[in-house]
Amino acid sequence: MEHIRMPKVENVRLLDRLSSRKAVLGTLYLTATHVIFVENGSETRKETWVLHSQISSIEKQATTATGCPLLIRCKNFQVIQLVIPQERDCHDIYISLIRLARPVKYEELYCFSFNPKLDKEEREQGWKLVDLNEEYNRMGVPNNYWQICDVNRDYGVCDSYPTEVYVPKSATAHIIVGSSKFRSRRRFPALSYYCKDNNASICRSSQPLSGFSARCLEDEQMLQAIRKANPGSDFIYVVDTRPKLNAMANRAAGKGYENEDNYSNIKFQFIGIENIHVMRNSLQKMLEVCELKSPSMSDFLWGLENSGWLKHIKAIMDAGIFIAKAVAEEGVSVLVHCSDGWDRTAQVCSVASLLLDPYYRTMKGFMVLIEKDWVSFGHKFNHRYGNLDGDPKEISPVIDQFIECVWQLMEQFPCAFEFNERFLIHIQHHIYSCQFGNFLCNSQKERRELKIQERTYSLWAHLWKNRADYLNPLYRSDHSQNQGTLHPQIAPCNFLYKFWSGMYNRFEKGLHPRQSVTDYLMAVKEETQQLEEELEVLGERLANLQKSQLGDNKVKSKQQDRSKQLRLSTSNNSLANTPQEYSNDLKSFPSRSPSQGDEEDSALILTQDNLKSSDPDLSANSDQESGVEDLSCRSPSGGGCLPSEDSGKDSDEAVFLAG
Amino acid sequence: MEFSELIKTATVENVLLSCAGLPAVRGTLCITSHHLLLSSCPGGDVELWLLIRNVDAVEKRLTGSSGTITLRCKDLKVLQLEIPGMEECLNIASSIEALSSVDSVMMMYPFFYRPPSLKLEEGWHQFPLEQYFQQISSQTSQWRLSTVNQDFSTCPTYPPAVIVPAAVGDEALRKAARFRQGGRFPVLSYFHPKNRTVMLRSSQPLTGPNRRRCREDETLLGTILDEGERGFIIDTRSAQAAKQARMTGGGTEPKSSYPQWRRLHRPLERGRPLQESFAKLVEACSDPSLSMDRWLGRLESSRWLSHVKAALSTACLAAQCMDREEATVLVHGAEGTDTTLLVTALAQVILDPSCRTLVGFQGLLEREWIQAGHPFHLRCAHSAYSHARLKQEAPLFLLFLDCVWQLSRQFPFSLEFGERLLLSLFDNAYASAYGTFLCNNEKERSLCKVKESTHSLWAWLNRPEEQQKLLNPLYSHNALVIWPSVEPQSIQLWQGLFLRWIRPSQHLDEAWAEIQRLVEENNTPAKESTGNRLSQSLSDHTAGMENRR
């Protein structure tokens, strides 16, 4: 609390990006964990809550006559524009937020104060929901080829690895330790995915410290052991996910990549995915495009192209497709690495796993996948997502890219995933929110030291509890799309990669389809199920009746209730019935009187009725949807002369969807 | 002319047909007056049944003694035929070229197509303007149905009947017509039942360099507005272009002569630039060598999505003027047969739920495109692949269908029909067995006896088994205006059309089938049959017991 200089400011205006005219007045509060804006509106008093940990940047802009603008950009892509009447207040808020948004100790994070009112046992149960031991068993290890190794039990070999990893049976402790000394940050080759149908596997590591000529016998033996663990194949692929140039540059620093001559039976392959700095800049550029004020189609497409974002997404996907193909079709094991083996390697291994194994396309399986390839193998969540104040150059949207790859696949295979888009968005949100302990710190070791599981709650349990919200109604486990490996189209397929406005413009509701097919179908499905259950109940009652010859009125009344159930709130009709700003690319919008006579006609105008030039714009009168999460936007009719009665009166009619 | 003169070689054996995404087949190729057939074995399956009118471009490549013909179709499909024998190959190619470019309407396939299940007159008089007028006249007496154009002498591109202000007589209409390009005087396009505002359309006034005026035209537009009321003229040209049009005899309504009207310029592309945009987009979509970056660049430089955005924005503006400003709107560009109709038709889909049903949408097309005189024959003579020298081709109708698709994506429950209808309309506008999109206007259709001698597409589409395929399972009546977002993030490439033959659609089709299954499952089970039966037997029981007591 000591960082809050100013807990409350009144008469703050919250602006809307899409329409400068639509601003709401309210009060701004600062708490230890949130920034809260409460609208002044009489009935609803809509609230906007932003966690401090979501704030990625705060910009204080030049003071104008109306006040001092403050721009808050969030890591979940929300952009909040406030105008604070007094410069002094704005400054205090700014200074406070700068400090609050950049905690220096883990203990300052929200997860240590967040209390969802669960008892100790429930908390422990929550942490047990995702169990990696179980997962490796599901994959089919340990077996004749793979075993768990305990050389890292005290993090003695590699402090960013988990204590338990799977290695080939023929890899002795000596080989593992030897190999680890020849790999960046001692991240030796370990099992990520095992395909029990054909024994092919995906292993991961960091780059070898090969420099220009160094060799390591144990490392060579390690790769040999991986190959032997797949008796069906006489070679393995070594996939370096970096661009070749980057990998070569690393040789000068004593790092680099495997020399095919030194390793027996490997096929070496570069798949160029750019590094975290390129990705950070790419996202930055794309977000600038998303923030453009009334961009033309060309502005947008050019900006999107220049950002290179979709090109990077495709590169990650291509690498995943290559590996999945090697494993599933060729039956060849793959060793994947990049530099340290915790960013690109995590992306690529998890995309490949997702393509290979339908289990990872279920809700539970997806949690397991993130736990396996990201959390347990030491993806540096704290550094990448800036949970604690740190080096800004370490920040990069690595897991965001993986999440987007999943979305792109969902668009191509609408029936293949048990979960929906919302699930992905909420996971992304909580990777940054620090509300749950799952993604804290940079490694398992750090998390254990902090006793995360005893002091915080697990996101997975929270999502699992609300799983009904995250179901994809089109998913069926017996569906053909969900059998075996997914085969995304390879070429030509550029057009299959689309801009994900549901993520990057997710707070601008007006941009999205106004009616949600997912929600509608879920409700339909639920209703069908209810009907069937009811039918069963009725059937039972009927049977009882026939036995006991007793009437029961309750059955009938229950049946009547049912007819009222399918009033779906799926279409957001206050939005649907709201015109956008269709003229903001043009200076003069029609007003009720011809106010700005156009140059051509002005010479001819005889009756000068263009004296009045202060007519309110049409667009000021038409209600706009707000940029923040707002589902109940009744238009406060700006100019007062345009009633928007239909958004209220008629909406009932449209909300009701015939069942 | 006899078709047989154009067919140099009627059959060739051992032709290999290949088409993206399908296995190649070998068989006998056969050319008839209107079709290209390929059957894999004598009397066996027909693998290809292509309307020759659908062929947009023919490319031939000779290698040694055989040749390959690539057929690029108007529906954007691409086929390859490998033909043994150089002479046969050349003959086949030139026959297809000749047959596909037959320009005489009465030689076209609809005049020969006689499906046993349909009657000739069916569907032709399904959407009479009289019927639309009755809806209006039940709410207001300010409009009348005029037959001033009965013999097409007042305006050759208008239908025989038009809806005009009740206060204006036929003689005045004739005079006003002389002041509008092609005689297209202002007529009612749409009556908005919600607030009784109207939308009119016309062509540009013939103001000319001397600033000509026409009292009747001014009166016509003046009488629509009450004292003090304002109307908006949405001109689909830029202010600059409209001004330049005066040099060639056209122009705009000067404020001095039309004091109650305020003009808004919203330039929409048409003509050659639009056709080129279409061709560029299709070229980009079918280029397999594009990298991710260049794909977006090519998509951008085709400018197609910009045209979609502009068309939607303008239609929304027209709709907003009517629905929110409660003002009368007049839409015109130059001829009033292209961008004008795009805007008026699209605005109605946005405003009026009755245009969003399967049959209502057909009525809208009939009223606002076909009878309103969009020159389909000229505009849809060639599609995106043609190397022929372009004359008057322009994909305005496709642009309209694309905009409707964008609406259906943003409002997935509000349109009764699905993508299939839009695709089918696109296909039929460019090459069809039906007469619906033949000719440029009602006058030509009457001269060619289209309605007497061809079948109507609507008759076919409205057969129950066809309708079933076209319906949107998610549809539920939405009485509201559907205001789309026109931000670039909300406008997407219509993959179902532009990538129909390129992208794999199996997974998306499966998803669609799954949606249908879910909705049907919900409609059938307990709800009616079992539920009713059970409650029925329950009450029977109770009744029975009561009796016993």
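Source: prediction; values computed, not measured. Naming: A, B, ... by sequence-line order, numbering from 1 per chain.
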Between B:Ser490 (side chain only) and A:Leu511 (backbone N and O only), is there a donor and an acceptor less than 3.5 Å apart?
yes
Of the backbone (N, CA, C, O) and the side chain (C-beta and beyond), which part of [X] lies under 4.5 Å from a heavy atom of chain A, both, or neither?
X	result
B:Ile350	neither
B:Ser414	both
B:Gln495	side chain

Spacing of [X] atom [atom1] and [Y] atom [atom2] [to the nearest 0.5 Å]:
X	Y	atom1	atom2	answer
A:Phe300	B:Gln489	CZ	CD	4.5 Å
A:Tyr475	B:Glu514	OH	CD	11.5 Å
A:Phe499	B:Leu296	CZ	CG	11.5 Å
A:Thr528	B:Asn522	OG1	CG	3.5 Å
B:Ile515	A:Tyr520	CD1	OH	10.5 Å
B:Arg409	A:His512	CZ	NE2	9.5 Å

Trace of the side chain to side chain donor-acceptor pair (under 3.5 Å) decision for A:Ser298 with B:Glu300
CA-CA 6 Å; A:Ser298 298; B:Glu300 189 280 325; 2.6 Å; yes
Is the shortest heavy-atom distance from the side chain of [X] to the side chain of [Y] under 4.5 Å?
X	Y	result
A:Cys415	B:His507	no
A:Pro295	B:Glu487	yes
B:Leu508	A:Pro414	yes
B:Leu518	A:Pro473	yes
A:Arg476	B:Arg517	yes
A:Val517	B:Phe413	yes
B:Leu499	A:Leu496	no

Just to verify, what does B:Asn210 make a side-chain hydrogen bond (donor to acceptor under 3.5 Å, both in side chains) with, not counting sequence neighbours?
none
Contact winner vs chain A - B:Ser306, B:Ser257, B:Ser301, heavy-atom pairs under 4.5 Å:
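Heavy-atom pair counts peak at B:Ser306.
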Please identify each residue that fulfils side chain to side chain contact (heavy atoms under 4.5 Å, CB included) with A:Ala416, with sequence neighbours left out.
A:Arg361, A:Phe413, A:Gln481, A:Asn482, A:Leu486
Under 4.5 Å heavy-atom distance to chain B, tell me which part of A:Gln529 shows up: side chain, backbone, both or neither.
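The answer is neither part of A:Gln529.
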